[in-house]
Amino acid sequence: MEMSNIQVYKKNLKTQEITLNMGPQHPSTHGVYRCILTLDGEYVTHLENVMGYLHRGMEKLAEDRTYTQFIPYTDRLDYLAAALNNIGYVQTVEKLMDIEVPERAEYIRVIVGELQRIASHLVYVGSYALDVNGFTGWMYAFRDRERILDLFEMITGSRMTLSFPRIGGVSHDITDEFVEGLEKFIEDFPACLDEFDGLVTGNEIFQARTKGVGVLDVETAINYGISGPNLRASGYEFDLRKHDPYGIYDRFEFDIPTGENGDSFDRFIVRMEEMRQSLRIIKQALRDIPDGPIQAKVPKVIKPKAGEVYHQIEGAKGWLGYYLVSDGSTKPYRLHIHGPSFVNLGVFPEIAKGGNIQDAVVILASIDIVLGEVDR
């Protein structure tokens, strides 16, 4: 049986274990996250997640806000994918109230949602490159993301925290200027991805740092409740947009990228391919979008009947779910958010064990967390 790196290390040199804090103020922790590393030399023998430095009590705040007033708070969960948070929440309220959203609004939601998925993945691949000391990759990714933020600004007036969807539809219709800019982006973006592949994906240093590092097998992924691109990178083909469609996703053709090895490289590759698939969906939505209203006729005061509902969507980082309880008043009685970053982070200690410190940095980057969604 082949020995692991740490076994070989221990066989040749006996050292005393030390404890090292990484974070909460550390560029490689992607926010105010802290982990306590137990090290034998440079090798990780134990890792403990420490969270709570960004906790804002979002779920409790919902109890003192009307259903509509809480929409802007959802922007601040995964603030790199604000539109998807908005869409998941308003769809939950619509499911509770049996509201039928106009066709045009559904298509607009898909376009904005998939653009947001691409923007989130661009932050991922750019920051991933930066974490392995590839600064140019960071700049290329943010160059392309900037164009998406410009498109958001055209129709929402905002760039990151959009609050664009509404209960029953969306706040603004898309404009001719937006369509023109989107068509240009659709035309240019495949070449941008190819350029990034040439710079980062095919880079031998990047591959050496990521291949075979942080391997997550399917069984472990399922046991830990891992979802989204991280699960698909382990070889499990499951995407809520296709296997449990919500909105109008059953109308679009797209593939589900999966990995073979479940390592840090596969988690990167899956997201690169997902951006190409999101572009396919946007093209179809832009082609098929009908005329018509963008907002359903809903009461001015949102007051659902007493009851409860759970709804989940395929967020940028995994399954984003909302469990909503109504007592018949204008405010939620209870709201619980299933944040994929929080769940996915749980497997970090498992797959970091046995690697060295630089591997831990790579593995954390490959999981793709955002602390606003971890702490909520």
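Among pairs with a residue in residues 283-297, none fulfils side-chain hydrogen bond (donor to acceptor under 3.5 Å, both in side chains), at least two apart in sequence or across chains. Pairs engaging residues 23-39 under the salt bridge (Lys or Arg N to Asp or Glu O under 4.0 Å) rule: none recorded [sequence neighbours left out]. For the side-chain hydrogen bond (donor to acceptor under 3.5 Å, both in side chains) condition, the pairs that include at least one residue of residues 105-117, sequence neighbours left out, are E94-R109, Y107-R251, E114-R117, E114-R241, E114-Y249, E114-S278. Among residues at least two apart or in separate chains, ring-ring contact (aromatic ring centres under 6.0 Å, His included) pairs with a member in residues 322-367 are Y89-Y322.
Between R166 and V298 there is no side-chain heavy-atom pair separated by less than 4.5 Å. Using a 4.5 Å heavy-atom threshold, the side chains of D375 and R56 count as separate. A 4.5 Å side-chain heavy-atom check between P332 and F70 finds every atom pair outside the cut-off. For the pair R104/I289, a side-chain contact is recorded, criterion being any heavy-atom separation below 4.5 Å from C-beta on.
A salt bridge links D194 with R276: the distance from a Lys NZ or Arg NE/NH1/NH2 to an Asp or Glu carboxylate oxygen falls below 4.0 Å.
The main-chain N or O of L216 is never found under 3.5 Å from a side-chain atom of T220 such that the two would form a donor-acceptor pair. Distance alone, capped at 3.5 Å, places no donor-acceptor pair between the T330 side chain and the T66 backbone. In this structure a side-chain-to-backbone donor-acceptor pair under 3.5 Å is present from S326 to K305. The backbone N or O of Q25 sits nowhere less than 3.5 Å from a side-chain atom of T29 that would complete a donor-acceptor pair. S341 contributes a side-chain N or O that, together with a main-chain N or O of V370, makes up a donor-acceptor pair within less than 3.5 Å. Counting only distance, with no hydrogens or angles, the side chain of E59 and the backbone of I337 share a donor-acceptor pair below 3.5 Å. Put simply, the side chain of S234 never gets that close to the backbone of Y236: no donor and acceptor are under 3.5 Å apart. Looking at Y43, its side chain never comes within 3.5 Å of a backbone N or O of K353 through a donor-acceptor pair. S264 places a side-chain N or O within 3.5 Å of a backbone atom of V213 that can act as its donor or acceptor partner.
When hydrophobic clusters are built by joining Ile, Leu, Val, Met, Phe, Trp and Tyr residues whose side-chain heavy atoms come closer than 4.5 Å, directly or via intermediates, I108 is not grouped with V101. Note on F142: it clusters hydrophobically with F135, by side-chain heavy-atom contacts below 4.5 Å among ILVMFWY residues. V325 and I302 sit in two unconnected hydrophobic clusters of ILVMFWY residues. Membership requires side-chain heavy atoms under 4.5 Å apart, directly or through other members. Residues F152 and I87 do not share a hydrophobic cluster, clusters being chains of Ile/Leu/Val/Met/Phe/Trp/Tyr side chains in contact below 4.5 Å. Residues I357 and I205 fall into different hydrophobic clusters, defined by Ile, Leu, Val, Met, Phe, Trp and Tyr side chains chained together at heavy-atom separations under 4.5 Å.
Heavy atoms only, all atoms of each residue included: N261 and D266 are closest at N-OD2, 2.6 Å. Across all their heavy atoms, L345 and M51 have their closest contact at CD2-SD, 3.7 Å. Contact detail for D327 and A306: the closest heavy-atom pair is C-CB, 4.1 Å. Between I294 and P102, the shortest heavy-atom distance links the atoms C-CG, 4.2 Å.
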Step-by-step side-chain contact (heavy atoms from CB on, under 4.5 Å) determination, T92 to L96: CA-CA 6 Å; T92 305; L96 184 63; 6.0 Å; no

Salt bridge (Lys or Arg N to Asp or Glu O under 4.0 Å) between D250 and K242, worked out: CA-CA 7 Å; D250 55 350; K242 191 176 284 283; over 6 Å; no

Stepwise side-chain contact (heavy atoms from CB on, under 4.5 Å) check, L47 with T38: CA-CA 6 Å; L47 188 151; T38 304; over 6 Å; no

N21 and V50: CA distance, side-chain angles, deciding distance, side-chain contact (heavy atoms from CB on, under 4.5 Å) verdict: CA-CA 10 Å; N21 280 287; V50 184; over 6 Å; no

Worked verdict on M275 versus L122 for side-chain contact (heavy atoms from CB on, under 4.5 Å): CA-CA 9 Å; M275 287 191 278; L122 283 171; 3.8 Å; yes

Indicate every side-chain donor-acceptor pair of residues 312-319 with a distance under 3.5 Å to a residue at least two apart or in another chain.
residue, atom, partner, partner atom, Å
Q312, OE1, Y310, OH, 3.0
E314, OE1, L240, N, 3.0
E314, OE2, R232, NH1, 3.1
E314, OE2, R232, NH2, 3.3
K317, NZ, D78, OD1, 3.4
K317, NZ, D78, OD2, 3.0
K317, NZ, S120, OG, 3.0

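Rounding to the nearest 0.5 angstrom, the gap separating the CG atom in D188 from the CG atom in D144 is 9.0 Å. Note: D64 CG to K331 NZ = 4.5 Å, rounded to the nearest 0.5 Å. In this structure, CG on L37 lies 9.5 Å from CD1 on I18, to the nearest 0.5 angstrom. Note: Y224 OH to I351 CD1 = 9.5 Å, rounded to the nearest 0.5 Å. The distance from the CD atom of E273 to the NE2 atom of H121 is 11.0 Å, given to the nearest 0.5 Å. Here the NZ atom belonging to K211 is positioned 8.5 Å from the CG atom belonging to D263, to the nearest 0.5 angstrom.
Annotation: cation-pi pair R76/Y79 absent, no NZ/CZ under 6.0 Å from the ring centroid and within 45° of its normal.
Checked against side chain to side chain contact (heavy atoms under 4.5 Å, CB included), R143 has the following partners two or more places apart in sequence or in another chain: Y140, C192, E195. Residues passing the side-chain hydrogen bond (donor to acceptor under 3.5 Å, both in side chains) test with N230, sequence neighbours excluded: R271. Residues meeting the side chain to side chain contact (heavy atoms under 4.5 Å, CB included) test with E219, sequence neighbours left out: D217, N223. For D75, the side chain to side chain contact (heavy atoms under 4.5 Å, CB included) criterion is met by P72, A82, N86, T161, L162, S163, not counting sequence neighbours. The side-chain hydrogen bond (donor to acceptor under 3.5 Å, both in side chains) check on K60 picks up E63, with sequence neighbours excluded. Applying the side chain to side chain contact (heavy atoms under 4.5 Å, CB included) test to V179 and every residue at least two apart in sequence or in another chain returns I174, E183, L286. Remark: F206 pairs with Y128, F268 by the ring pair (Phe, Tyr, Trp, His ring centres under 6.0 Å) rule, at least two apart or across chains.
Counting heavy atoms of neighbouring residues, nucleotides and ligands inside a 6.0 Å radius, atom CG of L20 exceeds 12 of them. Around CG of D176, the count of heavy atoms belonging to other residues, nucleotides or ligands within 6.0 Å does not exceed 12. Surrounding CG of N133 are at most 12 heavy atoms belonging to other residues, nucleotides or ligands under 6.0 Å away. For E180, the CD atom counts as loosely surrounded, since its 6.0 Å shell holds 12 or fewer non-hydrogen atoms of other residues, nucleotides or ligands.
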